[in-house]
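We use all heavy atoms of the structure for the numbers below, so side chains are in, but hydrogens, waters and symmetry mates are not. Throughout, a chain's letter reflects where its sequence line sits, starting with A, and its residues are numbered from 1.
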Protein chains: 2
Amino acid sequence: MRIGELAERTATSPRLLRYYEEQGLIRVGRSANGYRDYDAALVDQVAHIRGLLDAGLSTRIIRQILPCLNEPSEIHFADATPDIIATLEGHRDRLAERIALLTRNHDAIAEYVGSLKQCALGVERAEVGSAA
Amino acid sequence: MRIGELAERTATSPRLLRYYEEQGLIRVGRSANGYRDYDAALVDQVAHIRGLLDAGLSTRIIRQILPCLNEPSEIHFADATPDIIATLEGHRDRLAERIALLTRNHDAIAEYVGSLKQCALGVERAEVGSAA
DNA sequence: TTTGACCCTCACATCCGTGTGAAGGTTCGA
DNA sequence: TCGAACCTTCACACGGATGTGAGGGTCAAA
């Protein structure tokens, strides 16, 4: 498919699809007239990339962890070098830390919201009471 | 304490401490000579803010969820308005989504790294074998 | 054949978090 | 008293993700 269709199907923009290509996040073909030609599988891949980007990862990091994420779950044997493994372990561990941090904050917000709703309920009851 | 000390104790820079103040993330006093004066509790608060920033949240969002996060766990009753509650619920839910996404990716990386290490081990054994 | 909707590249613009440095005031110890 | 080490404000710069638009090619339908 062409860039416009992929942009629409992934709720992004042509500009961003070109940017992701330039950053080495997606592989893109060309048709005879020079137009970019996107494989259907890219709909999911781009959605995946957008998720990671929205979660605050940089294109550099996404590029490094991308081989772990492709569906066919095939292992790239050339990746089994000590430094690549160390890099991935670093990303894995930092992700774990980030998840822990976000979880703590999520729980704090949830608890606070719970109290707030109790409080709002109390006020509401008080108002109804005085109105009656 | 003064800005230099807080910067050192939070591994940030004076520049950033002024920026966080400007963004309404921390409350800062002044001493007679015009120097900023930071409460000791800010060491933890700034560390907290840095964590959220590193996790990809914007100062705008951090400012909104900050009341949920302060330790004394006091409820600001004025916050019990429907729109504030709705905002916080939105942040809470988006945080939950983000955590889920990051967890999926973390697990995928962990699995991939596991396979790679198996693979590297195999190669090592093969090399030892052929050398012997 | 022309027109409109695509596509291309390139470049400049924006916002955000952060760095850097200039120009000047305060404080403290030699 | 002077100098070093702080602090102040202000402004410009940068990198990364994204928008916008100019100038020009391609293609299909009217």
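Nucleotide D/dC6 holds its C1' atom 15 Å from the CG atom of B/Leu6, rounded to whole Å. Between the P atom of C/dC16 and the CG atom of B/Leu53 lies a distance of 13 Å, rounded to the nearest Å. In this structure, B/Arg50 atom CZ and C/dT18 atom P are separated by 5 Å, rounded to whole Å. Taking atom CG of A/Asp37 as the reference point, atom P of D/dC27 lies 13 Å away to the nearest angstrom. If you take CG of A/Leu17 and P of D/dG19, they are 11 Å apart, rounded to a whole angstrom. Regarding A/Ile3, its CD1 atom lies at a distance of 15 Å from the C1' atom of C/dA5, rounded to whole Å. Between the P atom of C/dC16 and the CG atom of B/Leu52 lies a distance of 18 Å, rounded to the nearest Å. Between the OH atom of A/Tyr38 and the P atom of C/dC6 there is a distance of 16 Å, given to the nearest Å.
Look at B/Glu22 and B/Arg18 and you find no salt bridge, because none of the NZ, NE, NH1 or NH2 atoms lies under 4.0 Å from a carboxylate O. A/Glu89 has a carboxylate O that lies under 4.0 Å from a charged side-chain N of B/Lys117, or vice versa, which qualifies the two as a salt bridge. A salt bridge is absent between A/Arg92 and A/Glu97: the closest approach of a Lys/Arg side-chain nitrogen to an acidic carboxylate oxygen does not fall below 4.0 angstrom. Contact check on B/Arg27 versus B/Glu21 returns no salt bridge, with no Lys/Arg side-chain nitrogen under 4.0 Å from an Asp/Glu carboxylate oxygen.
Of all nucleotides listed (C/dC8, C/dC7, D/dT8), D/dT8 comes nearest to the side chain of B/Arg18. With C/dC8, C/dG19, C/dG17 as the candidates, the nucleotide lying closest to the side chain of B/Ser13 is C/dG19. Distances from the side chain of B/Asn33 to the nucleotides C/dT27, D/dT18, C/dC7 place C/dT27 closest. Minimum atom distance to the side chain of B/Tyr20 is reached by C/dT18, of the listed C/dT9, D/dC7, C/dT18. Here D/dT9 is the nucleotide among D/dT9, C/dT9, C/dG17 with the atom lying nearest to any side-chain atom of B/Arg36.
OP1 or OP2 of C/dC16 has not a single side-chain nitrogen or oxygen of B/Tyr19 nearer than 4.0 Å. For B/Thr59 and C/dC16, the shortest distance from a side-chain N or O to OP1 or OP2 is not below 4.0 Å.
For B/Arg15 and C/dT20, a side-chain-to-base donor-acceptor distance below 3.5 Å is present, hydrogens and geometry of angles not being considered.
The residue A/Arg30 sits close only to the backbone: its heavy atoms come under 4.0 Å of sugar-phosphate atoms, none of a base.
Nearer the 5' end of DNA chain C, as judged by each residue's closest nucleotide, is the contact made by B/Gln23, out of B/Tyr35 and B/Gln23.
To the nearest 0.5 Å, atoms CG (A/Leu25) and CD1 (A/Ile49) are separated by 4.5 Å.
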